[in-house]
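This report refers to the structure that appears directly beneath it.
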Amino acid sequence: HALAAGREVPYRSHLALPPQPTSPAAARRFVAATCERWRLHHLSDEAQVIAGELVTNAVHHAGTDIALTLSRGRSFLNVTVRDRSRRAPTPRIPAPHALKGRGLMLVGILADDWGTVLHADGKAVWAHLRMVPVGTTLPH
């Protein structure tokens, strides 16, 4: 939302990934390195989990090429995963003994907000991490 408002010029970093089982780990490493470079150590763990879960979903459910983008503004970090499937992710509550199905639940817990945007050629699933507490006034 902040990007669309045009008020901030964020940092952006992109990674193209194949639909392979090794891609979630590559996504986590990319996020860790980017957070280190941008001095966002306090968001690194959450962003790594979110990116790993979203990329895992893209590998398992879309099976297409994947684009991971991190965007940073003054008060936010966005993690966006884009694939070529138009099928929106559906959060579910897995059975207690299930080995899968908790990814979007984790994203919902860790992110301040998240959602899906459908495109003509696929979808983007995004998660927003606030860098400052709600109600904090940033200097202009």
Side-chain angles (χ1 to χ4, degrees):
H1 302 285
L3 293 174
R7 285 175 274 156
E8 302 177 9
V9 178
Y11 294 85
R12 286 183 191 236
S13 193
H14 304 279
L15 177 66
L17 295 162
Q20 297 178 351
T22 56
S23 289
R28 289 188 296 272
R29 287 190 301 273
F30 169 77
V31 169
T34 303
C35 285
E36 176 73 24
R37 190 170 65 250
W38 291 348
R39 296 187 174 132
L40 296 176
H41 312 295
H42 61 291
L43 295 178
S44 183
D45 291 343
E46 290 89 347
Q48 287 178 63
V49 171
I50 289 168
E53 295 300 334
L54 295 180
V55 169
T56 295
N57 283 350
V59 168
H60 290 291
H61 300 292
T64 68
D65 290 338
I66 301 159
L68 169 61
T69 302
L70 295 183
S71 303
R72 175 195 169 187
R74 286 180 41 207
S75 60
F76 67 88
L77 174 66
N78 276 337
V79 178
T80 303
V81 173
R82 188 162 178 171
D83 62 49
R84 295 178 193 248
S85 169
R86 288 191 37 87
R87 193 172 78 192
T90 305
R92 61 182 182 197
I93 299 174
H97 61 279
L99 299 177
K100 296 187 205 178
R102 290 177 178 79
L104 290 177
M105 186 171 65
L106 283 172
V107 171
I109 290 168
L110 296 173
D112 289 291
D113 197 9
W114 75 277
T116 303
V117 178
L118 295 178
H119 299 278
D121 63 344
K123 70 176 168 303
V125 182
W126 57 268
H128 179 92
L129 292 168
R130 190 178 313 278
M131 291 196 303
V132 295
V134 175
T136 301
T137 303
L138 296 172
H140 293 291

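Residue numbers run from 1 in the order of the sequence given.
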Identify which one of R130, E46, M131 satisfies the side-chain contact (heavy atoms from CB on, under 4.5 Å) criterion when paired with D112.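 One option only clears the test, and that one is R130.
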Report yes if some heavy atom in the side chain of [X] is under 4.5 Å from a heavy atom in the side chain of [Y]; otherwise report no.
| X | Y | result |
| --- | --- | --- |
| L40 | L129 | no |
| V107 | V49 | no |
| T80 | S71 | no |
| L17 | V55 | yes |
| V31 | L68 | yes |
| L104 | L54 | yes |
| L70 | V79 | yes |

Spatial distance of atom [atom1] ([X]) from atom [atom2] ([Y]) [nearest 0.5 Å]:
| X | Y | atom1 | atom2 | value |
| --- | --- | --- | --- | --- |
| I66 | S85 | CD1 | OG | 11.0 Å |
| H119 | R84 | NE2 | CZ | 12.0 Å |
| T116 | R87 | OG1 | CZ | 12.0 Å |
| R29 | T22 | CZ | OG1 | 8.0 Å |

When you measure from the side chain of T34 to the backbone N and O of F30, does any donor-acceptor pair fall under 3.5 Å? yes
Backbone of W38 reached by a side-chain donor or acceptor of R72 within 3.5 Å: yes
Cluster question for you: counting only ILVMFWY and a side-chain heavy-atom cut-off of under 4.5 Å, with indirect links fine, are I109 and L43 together? no
Transitive ILVMFWY side-chain link M105 to V59, under 4.5 Å: no
Applying salt bridge (charged side-chain N to carboxylate O under 4.0 Å, His left out), which residue pairs with at least one partner in residues 17-26 are found, sequence neighbours left out? none
Do any pairs count as a salt bridge (charged side-chain N to carboxylate O under 4.0 Å, His left out) and have a residue in residues 114-127, sequence neighbours left out, and if so which ones?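 Residue pairs with at least one partner in residues 114-127: R82-D121, D83-K123.
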Heavy atoms only: give me the nearest [X]-[Y] pair and the separation to one decimal.
| X | Y | value |
| --- | --- | --- |
| D65 | P18 | OD1-CA, 4.5 Å |
| A32 | S44 | CA-OG, 3.8 Å |
| P19 | G63 | CB-C, 3.6 Å |

Got more than 12 heavy atoms from elsewhere within 6.0 Å of CZ, R86?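 Result for CZ/R86: enclosed.
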What do you reckon, is CZ of R39 surrounded by more than 12 foreign heavy atoms closer than 6.0 Å? no
Please collect all ring pair (Phe, Tyr, Trp, His ring centres under 6.0 Å) contacts where either partner lies in residues 40-74, sequence neighbours excluded, each pair once.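 Non-adjacent pairs meeting ring pair (Phe, Tyr, Trp, His ring centres under 6.0 Å): zero.
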